[in-house]
Amino acid sequence: MSFLGELKRRNVIRVGFAYAVVGWVIAQVADLALESFGSPDWVMKTVLFLMLIGFIVALFIAWAYEITPEGIKREADIDPDQSIAQHTGRRLDRLVIVVLLLAVGLLLAQRYVVDDEGGRQDAAQAKPIPAAAPALISSSGAEVPAVTNTPAQEPSVAVLPFVNMSSDTEQEYFSDGISEEILNVLTRIPNLKVAARTSSFQFKGKTLDIADIGRQLGVNHVLEGSVRKSGNTLRITAQLIRADTGFHLWSETFDRKLEDVFAIQDEIAATIAHELRTRFTTELDKPSTKINLRAYELYLKGRGLVATRAETKLFEGMDILKAAIDIEPEYAPAMATLAKAYAVLPWFSEKLPAGEVREQARQWATRALEVEPDNAEALSVLAIVYGETDMNWAGARRLLDKALQVSPGSVAANNFRGDLATRTGDLENAMKYESRAAELDPLGTVQLTDLANVYLINGNYEQVVSLARRALALDPTFFSAYRHLANAYFALGDVEQLAGVSRMIETLPNVPNDILATIAIKLSIATGELDEAHATIKRRAQQAKSGQTPAATVAYEAAQLGDFNTAGELLLQAYEEKDGTWIFPTFIRLPEQAPDSKSWQEFWRQPGVKELAELRRSYGFSPQAPGFGDGAKQ
């Protein structure tokens, strides 16, 4: 008998085939089980190696031995006429058929139930995607309805704050910074949604289930990890988890010297991109620039303070960022964040003139772009200056479009692009970009209230109330949300709720006087105390003319009262002072609001302001601002 015939007679080929099939099924099950326990890659490799050794052993045993009714005997000791190898072969065939059926079932399950790339279900079994995600839980424990929900097929990830495993609590900024830098790299990946820092950091120190976090942030993947810093040694552990199943797609531990921290960040971000089946743009091929670690830590601390938007923390953050730049004069991210702090300051503080502050924003953003021409944050900040100071609407749009091209997932770029569209009356794009910013940062108070601006101008006041209350559930001291509530209740004619807002905001610390005055004037109009409202405007107009309060703010208050002569005079002053904070078109809309007011008409003839009016008209923007109770009549 030939060698091949002898292999068949002794069932060696059947044993090899059966072993391979059974081994494949075991390997698939082991892979899933090890993923759920977060086991490192070497465990699975060891399992496969042992199975390969077992395959060789199984072939040897099949050749040298045979199973008989009396037990296992050596092949050489068995009379060929007494051999039951043929009967054993039929049993092996049945075993192979059963295991093959199991293998086919496993393949179908993997193909149709759990898609490897996005968790998509087969169309026949897929459930409809809800219009909104389940309720969110704020830092105060309050329930906050979500703004949007992510389609299952959109690759998305949230980077949770890495846990500080060092004994020094001061290292919190460092461990947080690792997460933030990875997040910033990921936002530059096309077609990848990355939850913003403001939202993902809401879960710091909490022990919520990964699936809950995924639902609240509208993402299908979560990256978490830890950082241990000891002397000059750094250990970073990171793991990427499927939010819906809790399975670990990838985990790794990095032991490096501190000077390698930036390379580690790049390495982790690149691995995540690979796991999510996305591709880097050309810019992402460039490694991060190494900087002084003390400057880096100061930058992380300063950036966190600026993100709060609280007046005192904005100023503290500016000082810390300047200290970082003193150490690293060419540190573009620190300069861009400092520019952003100056750019948003006029919306949260009256301490410095808006025109002066915006020039500081221009200088720092320009410096950042000289070092890093594609810095999305610096481009976005410079666009604010182009719009609110220079009235250069086309230039502002070009800068923001470039920022979005460089970093499609940038919350700032989407947010400021939406702001620009709101200012110019392009409400379709305003809704598009502000909604995207709120989707990227669903727990961000700034994004919620900026989205509320669009609904306010569209006349959807109930939605304004909903968004403002979501913001207050996240941060009860966020005074901008009270301003939105006041605007909505004023338009709805709800005196009781408006009075309640007035009482609530008076209890908050460090509320700018202009917000208190604006809400007080709304309440005077609502209660019919018009003489008191006009007296307040007259007094505040004198304060504005003497530089005690921003002219743009009082112009806004006068416009809501219908005093367009005073509003026009103050807007001309604000224009000379390069204070563009009047620009959100709630009550200051178009020249047609007051055709007989000379000062009002003169303001709208100014360079840049005239172009703004033309833009608003081109989008069909209504010149009719809401009066008290107008929203209730709709």
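Computed from a prediction, not measured in an experiment: that's the story for all the values here.
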Checklist entry - For the residue pair Phe478 and Phe348, does the interplanar ring angle fall in the parallel (under 30°), tilted (30 to 60°) or perpendicular (over 60°) class? => result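 Plane angle between 30° and 60°, so tilted.
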Next on the checklist: Within the 4.5 Å heavy-atom criterion, are Asn414 and Gln447 side-chain neighbours or not?
Outcome noted: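 Answer no - side chains too far apart.
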So, for [X] and [Y], which heavy atoms are closest and what is the spacing to 0.1 Å?
X      : Y      : value
Leu427 : Val454 : O-CG1, 4.2 Å
Phe603 : Val609 : O-CG1, 3.5 Å
Asp514 : Thr518 : O-OG1, 2.7 Å
Ala376 : Ser407 : CB-CB, 3.7 Å
Ala541 : Thr566 : CB-CG2, 4.0 Å

Checklist entry - At what distance, to the nearest 0.5 angstrom, does CE of Met335 lie from CD of Glu372? => result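 Met335 CE to Glu372 CD: 9.0 Å, rounded to 0.5 Å.
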Item to check | Nearest-0.5 Å distance that lies between atom CG in Asn487 and atom CZ in Phe584 | outcome: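 Going from CG on Asn487 over to CZ on Phe584, the span is 12.0 Å.
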Does one side chain, of [X] or [Y], offer a donor that lies under 3.5 Å from an acceptor on the other?
X      : Y      : result
Gln624 : Ser622 : no
Ser410 : Glu377 : no
Thr581 : Asp579 : yes

Checklist entry - Under a 4.0 Å N-O cut-off, is there an ion pair linking Asp390 with Lys578? => result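 Here Asp390 does not pair with Lys578 in a salt bridge, since their nearest N and O are not under 4.0 Å apart.
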Item to check | Exceeds 12 heavy-atom contacts within 6.0 angstrom, atom NZ of Lys322 | outcome: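 Correct, the count exceeds 12.
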Checklist entry - Is the backbone N or O of Gly418 less than 3.5 Å from a side-chain atom of Thr422, with the two atoms forming a donor-acceptor pair by type? => result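 Yes, the answer is positive, given that a donor and an acceptor are paired below the 3.5 Å cut-off.
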Item to check | Gln573: side chain to side chain donor-acceptor pair (under 3.5 Å) partners, not counting sequence neighbours | outcome: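 Only Glu577 meet the side chain to side chain donor-acceptor pair (under 3.5 Å) criterion with Gln573.
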